[in-house]
Structure formats: C-alpha cells, structure tokens
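Report on the following structure.
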Amino acid sequence: MRRIAIKVLGPEYGELIWKRIEILGDVAVIRKSFDLPTDAFKAIGEELLRSLPYIKSVWLSTSPVHGFERVREYVHLAGEIKTEVFYREHGCMFKVDFTKVYVSPVLGFDHMRTARMVRKGEKVLNMFAGFAPYSIIISRYAQPSYVVSIDLNKIAVRYARINAELNKVSAINEILHGDALLLTESFSEKFDRILMPYPELFEKALRVSLEAVKLGGYLHPHLFVIAENKKNALQKAFEIVINIAKEAGSIVEPIGGHVIRGVAPRKYHVVVDVIVKTKQVK
Ligand SMILES: C[S@@+](CC[C@H](N)C(=O)[O-])C[C@H]1O[C@@H](n2cnc3c(N)ncnc32)[C@H](O)[C@@H]1O
C-alpha cells in the first residue's frame, strides 16, 4: 500500500496517504484528509486496482462521519461501482453497505477484546449495534444465553439481521430497530452486560444502562476524553464514569478499558469496562 501510494503521489503525500486506506472486503476506501485534487486520488485508485487483484472498487471518503447513522460521503475513484461489501473480522463474515451504515476496522480490536470478557450464560445488550459486529463476535466466541442489539438506522438493522443469519447465530440474537435510550428503559429483565459503542450519547446511555443492568453486572461505555496522552485518557475516563454513576446513585468499579483512537490533538475515543457494585434501589 505504501509502495503504491509513494509511486503515484511521491514520498510527501504517499507517506501520508497509505495509512488512510481501509480495505473492506474487495473494496478500498481512501480517507481524504488534505487538499489534493480528486484526480490525484483517481490515479492512486487505478494503481491500487492494477497492483492488488483482489480489489475490485476504490472510493474516496470526502467527509467526516455525520448524522445519527455516523456515515461518510464518498466519491467513486476506480473499478466497479459497488458499495455493498463482504467484510471479514475475526473469522466472521459481515455484509454491509459502507455508504449507509457505520463501518470501521478501528473497532476490530475492541470487538474481540469485549467478546473475551463475556461469560457463559450472560444476557447481553448492545445499545448501538450498527451491522452487529460486537453482537455476532460475542455470539461466536463466547457463550451468552442471548444478545439483544438495537440501532436507530433501519438499514443497519437489516444488515445486522442478515449477518446474524450468515454467521449462524440468529437463534440467540434479537435485533431491534429503535432509539436505544427509550428501548433500554422498557425491558423488564435486567442484563448481565451492556455495551454502549457510541461516544456521542455517552452520558445518557450510561444513565439508562445503570437502570437496565443487574447488580454485579458489567457496563462498557464509550466516551470522548480530553487528555495529555493515552495513559491519562484512560484514567480520566475512569473518573468521569465513576462520577456520573455516583450522581445516579450507583457505585461502579473500573476493571479495564482501551483507548480506541485519537480523534483530534489531545482528544481520545475511550471505552471503559466497569462492574456495578451498588445500585440505587427504585
Ligand atoms: C459508532 S456506530 C456503532 C458501531 C458498531 N457498534 C460497530 O461496532 O461497528 C453508532 C451506531 O449508533 C446508532 N445510533 C445512533 N443513535 C442511536 C439511538 N438513539 N439509538 C440506537 N442507535 C443509535 C447509529 O445508527 C450507528 O449505527
């Protein structure tokens, strides 16, 4: 990838660009981060097609993620005009249209990291499931009794259901369309574990999940943190989560976490793992 980028764009831009190429199945997506004309990207698209026979289509993403669906805008660069891909992660296969549903290989490590924590028989809730990679990887590699997934994007829900079938885990997966903040309040049964992989709704999601989790259960809120460095970011995230839980009448204890990525200078996307030690009795 690096060689191709440098060959087409020269060392200055080539070095910058090759790290911004994502492979989703047989499609390559280049994230545009600086002001090169689209034609310069077209040349790299053509070269990617020539050099990597498994790549059938190349796209340029021209905007940051936006809207509640968290999708980007794209321009076609080279090859077939196709946006529905078969994306592989940890031996699971996911069908998804990357222009209509949030997809990011950056979460791949955390999908498996979370699955490894799930114990046999757990009832798991995934509040912001997207095309359901957390839910399906948990279903394949742990032994939950069931996993409930929610998403507000109808197209994500459609792909999540297809993916549960594709990976032969539909029997233990319930996939719901709706607002997770409202639906989470409506369940009569409490969950052993709740995932909140959407930092934009962090505080509201944490508050409703504290109601919906069992005493002794686990929460995995995602949040943005301003910090000097990665290590401080995790520590700061622990403090923020502990304080919000306290305000809501619960005591939570951090047992782990992971800095998913830097999103801006000194701003990090972090996931925190906590166990719920005490809960306000209602
Ligand atoms: C960062 S993406 C999820 C990523 C996904 N869990 C993964 O691992 O790839 C956030 C998701 O939350 C969904 N969403 C946004 N607001 C929501 C809400 N109020 N209730 C449920 N889902 C929501 C979006 O449609 C989007 O699919």
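Nothing here was measured: the structure is a model prediction, and the numbers come from that model. As a basis for the values below, the full set of heavy atoms in this structure was taken, side chains included, without hydrogen atoms, waters or symmetry mates. Counting starts at 1 for both ligands and their atoms, in listed order.
Linking Ile, Leu, Val, Met, Phe, Trp and Tyr residues whenever their side-chain heavy atoms come within less than 4.5 Å places F98 and F94 in a single cluster.
Under the 4.0 angstrom criterion for non-hydrogen atoms, E200 is not in contact with ligand 1. At least one heavy atom of H111 sits closer than 4.0 Å to an atom of ligand 1. For the pair N126 and ligand 1, no heavy-atom separation below 4.0 Å is found. Proximity of A132 to ligand 1 is not established, as no heavy-atom distance is less than 4.0 Å. Between A156 and ligand 1 there is no heavy-atom distance shorter than 4.0 Å.
Interface atoms of ligand 1 facing N153, defined by a heavy-atom separation under 4.0 Å, are 25 (O). Less than 4.0 angstrom separates some heavy atom of P133 from each of these atoms of ligand 1: 7 (C), 8 (O), 9 (O). In the vicinity of D179, heavy-atom distances shorter than 4.0 Å reach the ligand 1 atoms 18 (C), 19 (N), 20 (N). Atoms of ligand 1 lying under 4.0 Å from at least one heavy atom of G178, given by number and element, are 20 (N), 21 (C). Shown in contact with G130 at under 4.0 Å from a heavy atom are these atoms of ligand 1, numbered in order with element: 27 (O).
Geometrically, ligand 1 and Y134 share no nitrogen or oxygen pair separated by less than 3.5 Å. Polar contact with ligand 1: absent for Y102 (N/O pair, distance under 3.5 Å). For A180, a nitrogen or oxygen atom sits less than 3.5 Å from a nitrogen or oxygen atom of ligand 1, counting backbone and side chain alike. Ligand 1 has no N or O atom lying under 3.5 Å from any N or O atom of R70, backbone or side chain. Residue L181 places no N or O, backbone or side chain, under 3.5 Å from any N or O of ligand 1.
Using a 4.5 Å cut-off on side-chain heavy atoms (C-beta onward), I137 and R140 make no contact. Residues V274 and E253 fail the side-chain proximity criterion, which asks for heavy atoms closer than 4.5 Å. The shortest side-chain heavy-atom distance between F191 and V124 does not fall under the 4.5 Å cut-off.
A donor-acceptor contact shorter than 3.5 Å is absent between the side chain of T184 and the backbone of S209.
Nearest heavy-atom pair, R261 versus V106, reported as atom, atom and distance to 0.1 Å: CD-CG1, 3.7 Å. Scanning all heavy atoms of the two residues, the minimum distance from G25 to I23 falls at O-CG2, 3.4 Å.
Atom CG of L107 and atom CZ of R113 lie 11.0 Å apart (nearest 0.5 Å). Distance check, rounded to the nearest 0.5 Å: CG of D26 to OH of Y87 gives 14.0 Å. Atom OH of Y268 and atom NZ of K231 lie 13.0 Å apart (nearest 0.5 Å).
The environment of K214 atom NZ is dense: over 12 non-hydrogen atoms of other residues, nucleotides or ligands sit within 6.0 angstrom.
Under 4.0 Å from ligand 1, the heavy atoms of L201 that appear belong solely to its side chain. In A129, the part holding a heavy atom less than 4.0 Å from any atom of ligand 1 is the backbone.
Nearest protein neighbour of atom 6 (N) of ligand 1, counting heavy atoms only, is F128 O, 2.9 Å. Among all protein heavy atoms, the one lying closest to atom 22 (N) of ligand 1 is L152 N, 3.1 Å. Annotation: atom 1 (C) of ligand 1 to nearest protein heavy atom, P197 O, 3.4 Å. Protein heavy atom closest to atom 27 (O) of ligand 1, with residue, atom name and distance, is D151 OD2, 2.7 Å. The protein atom (non-hydrogen) at minimum distance from atom 24 (C) of ligand 1 is F68 O, 3.1 Å.
In this structure, K267 forms a cation-pi arrangement with F224, its terminal cationic atom sitting closer than 6.0 Å to the ring centre and no more than 45° off the ring axis. A cation-pi arrangement is not found for R70 relative to Y102, the charged atom failing to lie both closer than 6.0 Å to the ring centre and inside a 45° cone about the ring normal.
Between H222 and Y198, the ring centre distance reaches or exceeds 6.0 Å.
Taking each of Y159, Y198, F131 in turn, the one with a heavy atom nearest to atom 16 (N) of ligand 1 proves to be Y198.
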